[in-house]
Amino acid sequence: MPGRSASLLPYGVLLVLLVLPAGWWEAQAQERGERVRFTVNDGWRYAPAEAVPPGAADPALDDAGWEVVDLPHTWNARDAFDKEPGYRRGVGWYRKRLVLDPSLAGRRLFLYFEGANQVADVYVNGLHVGSHVGGYTAFAFDITAAVTFDRPSLVAVRVDNRHDDDIPPLDADFTFYGGIYRDVWLLATDPVHFDVLDYAGPGVYVDTPLVTGEAATVRVRGTVVNAGAAPAAVEVVSRVREAGGREVAVLRSTVQVPPGGRAPFEQVSDTLSAPRLWSPADPYLYHVEASLYTGTHRRDVVVQPLGFRWLRVDPQLGVFLNGQPIRLFGTNRHQDLPGLGNALPDAAHRRDVEIVKENGFNFLRLAHYPQDPAVLEAADRLGLVVWEEIPVVNMITRSEAFYAHAERMLVEMIRQHYNHPSVLFWGYMNEILLRETTPVDTAYRADVVALARRLEARAKAEDPTRHTVTAISHGEVNNGSGFQDIPDVLGLNLYFGWYYGTFADLGAFLDTLHARHPARPLMVSEYGAGSDERVHTTGPVPFDFSSEHQQAFHRESFAQLQARPYLAGTAVWNQFDFGSALRQDTKNALNQKGLYFFDRTPKDIAFYYRARLRDEPVLYIAREWSRRAGSRPEDRRQPVWVYANTDSVELLVDGISQGWQPVVNATARWLVNWSDGMHRLEARGWKGGGPVVDVAHVAFEDRTGFFEGRGPAVLAVNAGAHEAYTDGSGVVWEPDRPYAPGGWGHVGGTARRTHHRITSTADDPLFQTYREGVQAYRFDVPDGRYRVTLGFMEAQHETPAQRVFGVRAGSRPLLAGLDLAAGTGRWRATTRTADVVVTGGTGLVLTFEAGAGAPVVSSILLERR
Ligand code: GCB
Ligand code: CA
């Protein structure tokens with residue numbers, strides 16, 4: 001079977017492809033001597049180092065008992081999300097038997113890894129072929145001397161994701177999943193080929209020394225490697241093609257490469273007239289096909305994207321793309337998904353970029369590390385301006401090893417992604433002085449600044465065509481370090497109305513900074529707030545994680561950003577909720593600031609941006625708050641929001657108009673009087689002469705009858721919380737309130753809140769909020785039989801006997817001697833259920849009686865029996 005890659009034979013799915021054109025193409029390519037490249041993702045064996053005997057790289061080792069995995073793979077997809085603190089940071093081994101077709105003999109063979117986190121050592125047939133440090137950039141090794149054709153070549157990869165003080169990132173708000181989590185490729189080339197080992201870059205670098213709307217030139221540079229035994233005289237032919245394939249320029253030059261040597265080349269095209277420019281509105285791509293010829297024999301070919309565009313950043317006027325003013329409104333993206341961790345197939349990477357584009361954004365910050373080639377390709381094709389950065393986050397180690405790794409990561413990123421027209425900003429640090437102490441450690445600070453200057457200089461040396469950026473936190477803005485003026489553009493990560501301040505502070509803060517540094521181009525590289533679809537309130541505050549707070553945050557913040565055209569760009573933190581194993585908010589190990597949930601379901605707030613940024617008709621009823629409840633007449637009046645880009649919107653509830661509201665800041669709002677049951681909401685508006693309609697449903701449980709012995713049989717209280725909480729069974733736990741006759745409420749105590757993870761429950765927010773020092777809860781219910789379930793959580797005491805209390809129902813003891821630390825331990829959800837009988841028209845009075853410390857209660861469920 002000449003030309004068929006035998007290593008793919010065992011896999012039926014790929015076989016089908018091979019008998020079709022791909023296999024044919026490979027055969028042809030090999031006959032002509034061109035490069036062949038295919039993934040080797042399937043059928044690896046994986047084992048954690050602890051389970052592996054010595055000699056894991058030895059071909060003779062029996063790995064039959066190892067887990068069979070396909071790449072991309074991480075060993076942290078699950079343990080980074082469970083409620084056990086931490087996740088496995090250790091060593092894992094991967095092994096693969098690579099069957100190489102004999103027709104590949106005589107060619108140069110390379111293994112190309114798109115990424116492995118974070119140190120990889122690669123062995124072929126027991127020989128160490130290379131080692132790579134850094135979890136987010138690609139690397140390639142020449143394996144020609146190590147492979148065998150008469151028997152399978154055993155590839156063994158040792159991957160280590162342990163903390164290493166010399167390797168960035170040291171500390172950051174995301175999970176450092178270990179493994180070979182991106183694609184692996186086998187590459188076979190002619191002995192004479194474009195360099196494959198140039199920091200795993202494409203070996204051919206394309207840019208545009210001249211580019212205007214009328215004219216452009218294309219420059220193609222690279223290195224030709226001759227691994228053969230004879231001198232090579234080769235012609236480098238670079239064909240510039242339009243999207244449709246039509247050739248618009250051919251660049252030719254010749255190079256002489258000695259045996260075992262290398263030779264650089266550089267070509268510049270004649271002037272092309274009227275290039276079609278690349279922009280988010282029209283992401284038009286050309287391609288450069290660079291080939292190496294000896295006579296008519298083509299020995300190598302590399303195809304790279306090309307976009308004609310140029311960017312200017314003015315500190316007063318903002319950004320100009322291709323000479324036209326453009327507002328860069330965008331978002332940030334992390335690369336993980338539930339169930340997969342960071343080990344995403346290309347299709348999932350592409351889908352994320354599509355979601356960002358669909359949301360109306362034209363700017364994408366790839367925070368905090370270089371991302372998969374599929375991401376860059378999608379950004380080129382869909383039209384997103386990209387900021388890409390290396391993972392130097394929060395802190396540095398003052399060692400030359402750390403600096404050198406950071407610098408090499410920067411070079412790898414720039415070379416690997418140099419040809420992507422979407423990339424316009426290279427970043428090299430995020431909040432790097434975040435952890436500064438007072439008094440300032442001036443020696444540390446000086447080294448941070450020196451490293452910034454070193455990375456800045458290297459970025460400019462590698463790529464003078466793009467702008468450099470760094471991002472700093474609020475606390476770093478005025479630290480006097482001089483750091484702020486090192487990059488071309490300063491990114492600000494601002495959390496007014498979340499970590500500090502109020503929403504309204506944002507604009508004033510920016511204006512003051514801008515006035516003080518009028519020559520400094522500014523971006524807002526992050527702004528965002530966390531949310532949980534189960535948490536709702538009409539009175540949102542920071543850190544309640546209500547959907548309503550997140551929505552208010554973005555409405556208020558974006559309106560201010562939009563009104564400041566001097567900003568070079570803005571980016572939401574974050575497009576998607578993402579894994580952060582050390583973080584504890586209302587969902588364990590997740591950063592919840594996404595406009596989308598972790599599983600890529602849009603949150604309501606995503607539609608605000610869609611309405612603000614897209615021209616197509618957008619009209620969307622916010623629906624995360626789709627289960628509601630109220631136990632007092634005034635609770636029936638609750639708001640509905642619609643996000644739209646129409647002038648006004650009419651809302652109908654069960655067919656009854658609630659009136660037209662003007663759309664201001666893409667938002668319209670109504671107060672609706674809810675009745676018990678499921679309601680159909682319809683919103684309508686007009687855009688471009690046509691109707692725009694949306695439908696949603698809201699269930700409202702009217703519990704006012706509970707106090708008259710009718711209606712819903714359940715009353716649920718989220719003690720210590722101003723927000724409502726909907727649990728996994730759909731029960732709505734109402735916000736806590738002081739007692740008022742005729743209803744229910746607390747007597748005494750203080751509302752408390754923690755964000756610690758709570759074990760033995762999925763309803764963390766219900767238990768994270770609690771009432772401490774409570775004297776009683778009163779429920780003015782009629783006589784009858786009730787079941788009471790009380791929820792508790794000990795947030796303070798590790799040791800027994802610090803907090804001991806009892807609960808009485810009326811005069812009868814319900815619970816006695818409750819010591820949570822002794823019984824179930826700290827940070828654990830505990831519930832107690834008991835039946836009570838209410839007689840004598842007194843209602844139900846739950847009295848909390850302290851033995852030691854102050855009584856606490858997190859939730860109260862009352863069921864009428
Ligand atoms: C930041 C960091 C980012 C965090 C974010 C947050 O400023 O740059 O990595 O995830 O804040 O959510 O706190
Ligand atoms: Ca990939």
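One is the number of the first residue; the rest follow in order along the sequence. Quick caveat: nothing in here was measured; it's all calculated off a predicted structure. Start at 1 and go down the list; that is how both ligands and their atoms are numbered.
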Would you mind checking which non-hydrogen protein atom is closest to [atom], with the distance to 0.1 Å?
atom: atom 4 (C) of ligand 1; value: D173 OD2, 3.2 Å
atom: atom 2 (C) of ligand 1; value: E526 OE1, 3.3 Å
atom: atom 9 (O) of ligand 1; value: H368 NE2, 2.6 Å
atom: atom 12 (O) of ligand 1; value: K593 NZ, 2.5 Å

Nearest option to atom 11 (O) of ligand 1, as decided by whichever heavy atom of Y495, W498, F578 sits closest = Y495
Which is it for [X] and ligand 1 at heavy atoms under 4.0 Å: side chain, backbone, both or neither?
X: R583; result: side chain
X: N591; result: side chain
X: V393; result: neither

Quick one: are the ring centres of [X] and [Y] less than 6.0 Å apart?
X: Y725; Y: H536; value: no
X: F176; Y: F174; value: yes
X: F576; Y: Y596; value: yes
X: Y643; Y: F607; value: no
X: F553; Y: F503; value: yes

For the pair H756 and W827, name the ring-plane relationship: parallel under 30°, tilted 30 to 60°, perpendicular over 60°.
-> parallel
Does some non-hydrogen atom of Y499 fall short of 4.0 Å from ligand 1?
->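 Checking ligand 1 against Y499, which is what was asked, there is a heavy-atom contact under 4.0 Å.
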Might you work through the salt bridge (Lys or Arg N to Asp or Glu O under 4.0 Å) test for R454 and E400, ending with a clear yes or no?
-> CA-CA 12 Å; R454 173 170 167 177; E400 176 52 29; 2.9 Å; yes
Could you please spell out the steps behind the salt bridge (Lys or Arg N to Asp or Glu O under 4.0 Å) verdict for D764 and R534?
-> CA-CA 11 Å; D764 295 49; R534 303 168 297 180; 5.7 Å; no
Atoms of ligand 1 close to N493 [distance to a heavy atom under 4.0 angstrom, numbered from 1] | 7 (O), 8 (O)
For E431, the ligand 1 atoms whose distance to one of its heavy atoms is below 4.0 Å = 1 (C), 2 (C), 7 (O), 8 (O)
